[in-house]
Every structure is written in structure tokens, then in C-alpha cells.
Amino acid sequence: MKIAVLAGDGIGPEVTREAVGVIERLAIPGLEMTDALVGGVAYKATGHPLPPETLEIARASDGILFGAVGDPDCDSLERHLRPEQAILGLRKALTLFANLRPAKVFAGLEGHSALRPEVAGAIDLVIVRELNGDVYFGEKGFRTAANGDREGYDVMSYSDSEVRRIAHVAFRTAMGRARRLCSVDKANVLETSQLWRDVVIEVAQEYPEVALEHMYVDNAAMQLVRAPGKFDVVLTGNLFGDILSDQASMCVGSIGLLASASLGERETAHGTFGLYEPIHGSAPDIAGKGLANPMATILSAAMLLRHSLGLAAEADRIEAAVAKTLADGILGGDLGGSAGTTEIGDAVLARL
Ligand SMILES: NC(=O)c1ccc[n+]([C@@H]2O[C@H](COP(=O)([O-])OP(=O)(O)OC[C@H]3O[C@@H](n4cnc5c(N)ncnc54)[C@H](O)[C@@H]3O)[C@@H](O)[C@H]2O)c1
Ligand SMILES: CC(C)[C@H](C(=O)O)[C@@H](O)C(=O)O
Ligand SMILES: [Mg+2]
């Protein structure tokens, strides 16, 4: 069993170190972890944010544990050399099209949400975000408009098959949960969304037990704050899913708590090949200060064990230790506490 560890930039290495420590403590027989460079650090060392050796190590693994990429020093590089291209490149090259972002309020943290405790307490949802298409991967560039203005453009599109495969993931996810699926789009304005909606309705025929509703993304953003407990599975595209998941994190309490799995269709000897990362970024404002909350990355490691290594009991152990740590009031600054990154990691280890 192999895990590729891609820590990346900013707080990436700080939070990844804690997650690796948790995996090591489980002493899983035959498990190997291999580090590789990614993001701004990889660009600075090799001239590319996703060096071929890193892609090879990622490909040869059963699952990838990813920290974060992004470095303000690199923000004026040509786009293909920017750190963020590494995560986009991995998702695309490895056909990791299904991004699962669960959001649930931990017991005892109801009062730490940006919402009222009784509203926050009901949150138990998963965002199923398409990850290989949309405006992220369409034609883009700069051009000169007829009046001589410089113009930037990014083409948004989805094909039938791209929507169909992510819709199946969402319906299957709903079948394993409360069987409610809300597909979020902007079909009142965008043709891309009209096609999305048509295909989701078609796929729904195969899942008669799932209650399907459609919601425009602006309303979804509002409902996520008004009554987040009404959502079970939220299916949406790449851009809307990116935005709604950061929003959901604050409904739960902090972006430092939300984990994610990015999956495709490749099965290894142990499970489904995937990449696992916190939903947050490299947080340059707090990097190097030992202040980052490592819980999202530790929970991502648990998802890796469950989905890619077939180690459900070990994943449960990690999740229980995280829940216990939070219930015991060991909280980082993001949740109004004073615990630092290593203190939180050590507290999880002590509760494993
Ligand atoms: N998947 C990724 O690697 C990923 C995701 C998002 C952003 N980014 C990149 O990260 C860089 C910074 O982006 P940003 O500031 O918009 O988003 P961010 O998620 O890095 O940070 C947003 C805010 O949340 C805080 N925060 C984030 N994670 C935290 C944690 N674990 N504990 C405590 N506080 C935390 C930060 O301090 C900051 O105030 C950019 O270069 C961006 O492109 C990368
Ligand atoms: C860094 C960026 C490319 C990425 C995205 O937009 O997908 C991030 O915001 C995320 O949520 O993983
Ligand atoms: Mg994001």
C-alpha cells in the first residue's frame, strides 16, 4: 500500500505533518509513504509546479495526501507555471472528477458556527463537486475587443458524459445517505446549466428512491445559511462547488475542518484511487506560525484510508479521535481557541 504525500506550500507542510503523524501512529503493516514536491516549492526547485517525477509518484500510489498549494511570490508568473496549476493538473491528469466535500457539525461545536447554534446543529451534508470540467478547463485567454479594450475570457462548458458520470456519483452517494439530492445550477441564465439540468433529470430515472430537486446557485448560497439542515447531497459544477464548499465550512465553524476526497473510476488492489486534501488553501497570512488547524487534513487522511486503502476501521478511529479532541475543547484560533497546529495534532494522537 502506497501513499504519495504532496505537502505543497504555506501551511500545507504544517498540516500535512500532523496528518502523516496520525497515519504513522496507526502502524499499518506494509504501508509506505513517499514525499514529492508540488506547487510553488516545486516551481522554485525544478521550474515546474507539477514536476513529472511528482506525477509519477502520485500515479504509482494507491492514494495521494495533498496539503495545499499557492504562494504570493508566484502570483505574477505565467498561468501554466503557477502553483495552483499543480492541483488542477493532478485532478485532470488522473481523471479525478468527483470531489466529495462533507460538512457536518461536530458535537460541541454548534456554538462556534457563523450561524445560530440551532441552525448549525442540523448540518449534515455532502457537496459532490464536478472537478474536471466547467469554466476551469475551457478555452481561456486575453483578446482585444472591437473598441480596442483588452478582454479576458474563460469558456464555460459541460458535455453530456461529464455531467452523467458525476450525476451517478451524486445519486449513489444519496442512496447511501438520506436519499435527497439537490442539484445546483444557473439554468435560468446559462446553457451549460440547462444541459446539466437535463442530464441530471435523465440520470434520476435510474434512482427512483432519491428525491431530486433543482436549485439556482444564488438561492442555494442563501439556503445554505438560512436552513443548511435541509440539504443532504448537493450536486454541482466545478466553480459553484468551489464557492459553496468554502461557504459551508463557515456554517460548520471553520475552513480548517473541511476535508475532501477527489475520486475517479480507477480501482487499485485496495480501493478507489484518489486524492485527499483539506478544502482550504496555503493560507499565506498564517503560514510558518504554527497556527493552522490541521483537522481538515487529518480528516482527509481518514477519507484516504477509507476510500483508497479499504481501512474503514482505521478511518473510524481517526474520525473518533478528531471528534473527541474537538469535544474536549482543544480548538485552534480559527475556532476561537488557542491551540497551535502541533498541539492539536498531538491531542488527536493522544485520543486515537
Ligand atoms: N487546494 C488548494 O491547494 C488551494 C485551495 C484554496 C486556495 N489555494 C491557494 O491558497 C492561497 C491562499 O488563498 P486564500 O487566502 O484565498 O484561501 P485560504 O484557504 O488559503 O485562506 C483563507 C483564510 O482562511 C484561513 N485558513 C485557511 N486554512 C486554515 C486552517 N487550516 N486553519 C486556520 N485558518 C485557515 C487563512 O488564514 C485565511 O485567512 C492562494 O494561492 C490560493 O490560490 C489553494
Ligand atoms: C486552488 C484552486 C485551484 C482550488 C479550486 O478552485 O478548485 C481550490 O480553491 C479548491 O477549492 O481546491
Ligand atoms: Mg476552493
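The analysis underlying the following values was restricted to heavy atoms, covering all of them including side chains, and did not include hydrogens, waters or symmetry mates. Ligands are counted one by one from 1 in listed order, and the atoms in each one are counted from 1 as well. Please read all numbers here as calculations on a predicted model, not as lab measurements.
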*Asks:* Heavy atoms only: which of N293, L275, I11 is nearest to atom 32 (N) of ligand 1?
*Replies:*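 Considering heavy atoms of N293, L275, I11, the nearest to atom 32 (N) of ligand 1 sits in N293.
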*Asks:* So, does D334 use its side chain to make a donor-acceptor pair with the main chain of S254 at under 3.5 Å?
*Replies:*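 Here the side-chain-to-backbone pair does not exist.
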*Asks:* For atom 41 (O) of ligand 1, grab the closest protein heavy atom and report residue, atom and distance to one decimal in Å.
*Replies:*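 Going atom by atom, the protein heavy atom closest to atom 41 (O) of ligand 1 ends up being E84 OE2, 2.8 Å.
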*Asks:* In ligand 1, which numbered atoms sit nearer than 4.0 Å to a non-hydrogen atom of A292?
*Replies:*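 Those of ligand 1 that fall under 4.0 Å from A292 are 32 (N).
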*Asks:* Closer than 3.5 angstrom, by distance alone: can the side chain of R177 be matched with the main-chain N or O of D124 as a donor-acceptor pair?
*Replies:*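 Yes; judged by distance alone, with no hydrogens or angles, the pair exists.
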*Asks:* For ligand 1, which part of I255 has a heavy atom less than 4.0 Å away: the side chain, the backbone, both, or neither?
*Replies:*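 Looking at I255 and ligand 1, just side chain atoms fall under 4.0 Å.
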*Asks:* Would you call D71 and K44 a salt bridge, using N to O less than 4.0 angstrom?
*Replies:*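 Salt bridge between D71 and K44, a charged N being under 4.0 Å from a carboxylate O: yes.
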*Asks:* Spell out, as yes or no, whether a donor-acceptor pair under 3.5 Å connects the side chain of T95 to the backbone of G264.
*Replies:*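 It does not hold such a pair.
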*Asks:* Does A296 come within less than 4.0 Å of ligand 1, judged by its heavy atoms?
*Replies:*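 It does not, in that no heavy atom of A296 comes within the 4.0 Å cut-off of ligand 1.
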*Asks:* Hey, is P294 touching ligand 1 through its side chain, its backbone, both or neither, going by heavy atoms under 4.0 Å?
*Replies:*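 Within the 4.0 Å criterion, P294 makes no contact with ligand 1.
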*Asks:* Does the protein place a non-hydrogen atom closer than 4.0 angstrom to atom 23 (C) of ligand 1?
*Replies:*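 Under the 4.0 Å cut-off, atom 23 (C) of ligand 1 has no protein heavy-atom neighbours at all.
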*Asks:* Run the numbers for me: atoms of ligand 1, each under 4.0 Å from some heavy atom of G70, listed by number.
*Replies:*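 Contacts of ligand 1 toward G70, numbered from 1: 41 (O).
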*Asks:* Counting only nitrogen or oxygen atoms and a 3.5 angstrom limit, does V69 reach ligand 1?
*Replies:*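 There is such a contact, yes.
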*Asks:* Tell me which one of L335, L258, L291, I286 gets a heavy atom nearest to atom 35 (C) of ligand 1.
*Replies:*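 Residue with the shortest heavy-atom distance to the ligand atom: I286.
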*Asks:* Is there at least one protein heavy-atom neighbour under 4.0 Å from atom 14 (P) of ligand 1?
*Replies:*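 No, because not a single protein heavy atom sits under 4.0 Å from atom 14 (P) of ligand 1.
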*Asks:* What is the minimum heavy-atom distance between V128 and L100, and which atoms define it?
*Replies:*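 Minimum heavy-atom contact is CG2-CD2, 3.9 Å.
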*Asks:* Counting each atom of ligand 1 from 1 as listed, which ones have a heavy atom of A68 under 4.0 Å away?
*Replies:*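 Every atom of ligand 1 under 4.0 Å from some heavy atom of A68: 3 (O).
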*Asks:* I need the atoms of ligand 1 closer than 4.0 Å to a non-hydrogen atom of P284, numbered in the order shown.
*Replies:*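 Numbered from 1, ligand 1 contributes 12 (C).
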*Asks:* Which heavy-atom pair separates A103 from V252 by the least distance, and what is that distance?
*Replies:*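 So the two residues come closest at CB-CG2, 3.8 Å.
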*Asks:* Between F97 and R91, is there a cation-pi geometry (under 6.0 Å to ring centre, at most 45° from the normal)?
*Replies:*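 Judged by the rule (NZ or CZ under 6.0 Å from the ring centre, within 45° of its axis), R91 is not positioned above F97.
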*Asks:* Only heavy atoms of G281, strictly under 4.0 Å: list the atoms of ligand 1 that pass.
*Replies:*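 In order of numbering, the contacting atoms are 4 (C), 5 (C), 6 (C), 7 (C), 8 (N), 10 (O), 18 (P), 19 (O), 20 (O), 44 (C).
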*Asks:* Select the closest option to atom 12 (O) of ligand 2 among E277, E84, R91, judged by heavy-atom distance.
*Replies:*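 It is R91 that holds the nearest heavy atom.
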*Asks:* With a 3.5 Å distance limit and no angle check, can you tell me whether N293 reaches the backbone of G333 through a side-chain donor-acceptor pair?
*Replies:*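 Looks like no, no N/O pair under 3.5 Å.
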*Asks:* Record the part of H280 in heavy-atom contact with ligand 1 below 4.0 Å; permitted values are side chain, backbone, both and neither.
*Replies:*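 Both parts.
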*Asks:* Could you tell me whether the side chains of H168 and Y207 share a donor-acceptor contact shorter than 3.5 Å?
*Replies:*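 Y207 and H168 do have a side-chain donor-acceptor pair below 3.5 Å.
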*Asks:* Report the relative orientation of the aromatic rings in Y158 and W196; use parallel for angles under 30°, tilted for 30 to 60°, perpendicular for over 60°.
*Replies:*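 If you compare the ring of Y158 with that of W196, the planes turn out tilted.
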*Asks:* Which ligand 2 atoms, with their elements, are less than 4.0 angstrom from a heavy-atom of Y136?
*Replies:*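 What qualifies from ligand 2 is 5 (C), 6 (O), 7 (O).
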*Asks:* Which one holds for R101 and ligand 2: side chain close, backbone close, both close, or neither close, with close meaning a heavy atom under 4.0 Å?
*Replies:*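 The answer is the side chain of R101.
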*Asks:* With carbon and hydrogen excluded and only N/O/S kept, which atom of D242 is nearest the Mg ion (ligand 3)?
*Replies:*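 Of all N, O or S atoms belonging to D242, OD1 is the one nearest the Mg ion (ligand 3).
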*Asks:* Closest non-hydrogen protein atom to atom 9 (O) of ligand 2, residue and atom name please, with distance?
*Replies:*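 In this structure, atom 9 (O) of ligand 2 has D242 OD1, 3.1 Å as its nearest protein heavy atom.
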*Asks:* Under the salt bridge (Lys or Arg N to Asp or Glu O under 4.0 Å) criterion, do D232 and R180 qualify, and how do the steps go?
*Replies:* CA-CA 6 Å; D232 177 27; R180 283 183 285 116; 5.2 Å; no
*Asks:* For ligand 1, which atoms sit closer than 4.0 Å to a heavy atom of A283?
*Replies:*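 So the atoms of ligand 1 that pass are 20 (O), 27 (C), 36 (C), 37 (O).
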*Asks:* Is it true that the side chains of R82 and Q85 contain a donor and an acceptor less than 3.5 Å apart?
*Replies:*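 No pair is found: no donor N or O on one side chain lies under 3.5 Å from an acceptor on the other.
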*Asks:* Could E314 and R306 be called an ion pair, given the rule that one side-chain N must be under 4.0 Å from one carboxylate O?
*Replies:*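 Not counted as a salt bridge, because no side-chain N and carboxylate O are separated by less than 4.0 Å.
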*Asks:* I need the nearest protein heavy-atom contact for atom 1 (N) of ligand 1: residue, atom name and distance, please.
*Replies:*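 Minimum-distance protein heavy atom for atom 1 (N) of ligand 1 reads E277 OE1, 2.9 Å.
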*Asks:* Decide yes or no for D185 and T236: does some side-chain heavy atom of the first lie under 4.5 Å from some side-chain heavy atom of the second?
*Replies:*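 SC-SC contact between D185 and T236 ruled out.
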*Asks:* Output, in order, the C-alpha distance, side-chain angles, deciding distance and verdict of salt bridge (Lys or Arg N to Asp or Glu O under 4.0 Å) for R116 and E110.
*Replies:* CA-CA 8 Å; R116 289 195 307 282; E110 299 83 354; over 6 Å; no
*Asks:* With heavy atoms of F66 as the reference, note each atom of ligand 1 found under 4.0 Å away.
*Replies:*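 With F66 as reference, the close atoms of ligand 1 come out as 3 (O).
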*Asks:* Apply salt bridge (Lys or Arg N to Asp or Glu O under 4.0 Å) to D62 and K2, showing your working.
*Replies:* CA-CA 5 Å; D62 295 290; K2 289 185 183 158; over 6 Å; no
*Asks:* Of all the non-hydrogen atoms in the protein, which one sits nearest to atom 11 (C) of ligand 1, and at what distance?
*Replies:*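 Protein heavy atom with the smallest distance to atom 11 (C) of ligand 1: S282 OG, 3.2 Å.
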*Asks:* Ignoring hydrogens and geometry, is there a side-chain-to-backbone donor-acceptor pair from S282 to G12 under 3.5 Å?
*Replies:*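 Looks like no, no N/O pair under 3.5 Å.
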*Asks:* At a non-hydrogen distance cut-off of under 4.0 Å, which region of R129 contacts ligand 2 (side chain, backbone, both, or neither)?
*Replies:*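 Near ligand 2, R129 shows its side chain, while the N, CA, C and O stay back.
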*Asks:* When you measure from the heavy atoms of G332 to every atom of ligand 1, does any distance fall below 4.0 Å?
*Replies:*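 Per 4.0 Å heavy-atom rule, G332 does not contact ligand 1.
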*Asks:* Look only at interatomic distance and state if I87 has a nitrogen or oxygen under 3.5 Å from any nitrogen or oxygen of ligand 1.
*Replies:*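 I87 vs ligand 1: no N/O contact under 3.5 Å.
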*Asks:* So between I344, I279, D285, whose heavy atom ends up nearest atom 37 (O) of ligand 1?
*Replies:*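 Nearest option to atom 37 (O) of ligand 1, by heavy atoms: D285.
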*Asks:* Look at atom 3 (C) of ligand 2 and say which protein heavy atom is nearest, naming residue and atom and giving the distance to 0.1 Å.
*Replies:*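 Nearest neighbour among protein heavy atoms for atom 3 (C) of ligand 2, to 0.1 Å: L88 CD2, 3.8 Å.
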*Asks:* I'd like to check whether D334 has a polar contact with ligand 1, where a contact means an N/O of the residue lying under 3.5 Å from an N/O of the ligand.
*Replies:*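 N/O-N/O distance below 3.5 Å does not exist for this pair.
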